[in-house]
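Below is one structure, written out as structure tokens, with a few remarks after it.
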Amino acid sequence: QVQLVESGGGLVQAGGSLRLSCAASGRTFSNFAMGWFRQAPGKEREFVAAINWSASSTYYADSVKGRFTISRDNAKNTVYLQMNSLKPDDTAVYYCGYRSGSGNYAYTSVYDYWGQGTQVTVSS
């Protein structure tokens with residue numbers, strides 16, 4: 001089992017910034033990818049960003065490119081999401097996912113474990 005704990009969410013004004021963290025613990029594999037997804041009320045969970053084990057490859061949804069940055073610290077088994085220039089449309093619960101296998105990073109089905117989520121609210 002792998003446990004994921006997100007933190008860093010909160011209320012911020014439009015144009016502001018937040019940094020989310022996701023710490024993994026338990027039986028983590030030596031080579032795993034991590035992703036961030038978000039879910040707004042009444043909507044499906046959508047892909048935000050992903051990063052491979054070595055951090056040599058990162059992937060972003062078009063809606064966040066240029067504003068969000070995903071990174072990781074493997075020594076701490078932690079992945080981060082730096083969110084800048086936030087917009088009200090970014091309001092959602094943000095989830096991190098752990099992927100030990102393969103498959104398209106943007107699909108929720110390829111992730112083995114999920115955190116409990118952290119709320120991000122952007123006011124206009």
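Only heavy atoms go into these numbers, but all of them, side chains included; no hydrogens, no water, no symmetry mates. When a residue number appears, it is its place in the shown sequence, counting from 1.
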At their closest point, which heavy atom of [X] faces which heavy atom of [Y], and how far apart are they?
| X | Y | value |
| --- | --- | --- |
| Ala92 | Ala40 | CB-N, 3.8 Å |
| Gly117 | Val93 | CA-CG1, 3.8 Å |
| Ala24 | Leu4 | CB-CD2, 3.5 Å |
| Val110 | Gly103 | CG1-CA, 3.9 Å |

*Identify, with sequence neighbours excluded, every residue that meets ring pair (Phe, Tyr, Trp, His ring centres under 6.0 Å) alongside Tyr105.*
Tyr59
_Going by the rule side-chain hydrogen bond (donor to acceptor under 3.5 Å, both in side chains), which residues pair with Ser56 if we only count those two or more places apart in sequence or in a different chain?_
Asn52, Ser54
*Excluding sequence neighbours, so at least two apart, what forms side-chain hydrogen bond (donor to acceptor under 3.5 Å, both in side chains) with Ser17?*
Asn84
*If you look only at pairs with a residue in residues 61-96, which of them pass as a ring-ring contact (aromatic ring centres under 6.0 Å, His included), with sequence neighbours excluded?*
none
Inter-residue atom distance [X].[atom1] - [Y].[atom2], 0.5 Å rounding:
| X | Y | atom1 | atom2 | answer |
| --- | --- | --- | --- | --- |
| Arg38 | Met83 | CZ | CE | 9.0 Å |
| Gln119 | Gln39 | CD | CD | 11.0 Å |
| Asn31 | Trp53 | CG | CH2 | 6.5 Å |
| Gln3 | Asn77 | CD | CG | 11.5 Å |
| Met34 | Trp36 | CE | CH2 | 7.5 Å |
| Ser7 | Leu20 | OG | CG | 8.0 Å |

*Could I get the full list of side-chain contact (heavy atoms from CB on, under 4.5 Å) partners for Thr58, not counting sequence neighbours?*
Ile51, Tyr60, Ile70
*Pairing residues for Gln13 by the side-chain contact (heavy atoms from CB on, under 4.5 Å) criterion, not counting sequence neighbours*: Ser123
*Sort and list the pairs that fulfil disulfide (SG to SG under 2.5 Å) and have at least one residue in residues 43-114, not counting sequence neighbours.*
Cys22-Cys96
*Which residue pairs pass the disulfide (SG to SG under 2.5 Å) test with at least one member in residues 44-78, sequence neighbours excluded?*
none
Same apolar cluster: [X] and [Y], side chain cutoff 4.5 Å:
| X | Y | answer |
| --- | --- | --- |
| Val48 | Leu86 | yes |
| Tyr113 | Phe32 | yes |
| Leu18 | Val79 | yes |

*Between Ser109 and Tyr111, is any pair of side-chain heavy atoms under 4.5 Å apart?*
no
_Linked hydrophobic residues, Leu11 as query - side chain contacts closer than 4.5 Å_ = none
*Which pairs with one or both residues in residues 68-78 pass salt bridge (Lys or Arg N to Asp or Glu O under 4.0 Å), sequence neighbours excluded?*
none
*Sequence neighbours left out, what passes salt bridge (charged side-chain N to carboxylate O under 4.0 Å, His left out) with Lys65? Give chain and number order.*
Asp62
_Going by the rule salt bridge (charged side-chain N to carboxylate O under 4.0 Å, His left out), which residues pair with Arg67 if we only count those two or more places apart in sequence or in a different chain?_
Asp90
*Applying ring-ring contact (aromatic ring centres under 6.0 Å, His included), run through Trp114 and Phe37 and close with a yes or a no.*
CA-CA 10 Å; Trp114 294 94; Phe37 286 71; 5.1 Å; yes
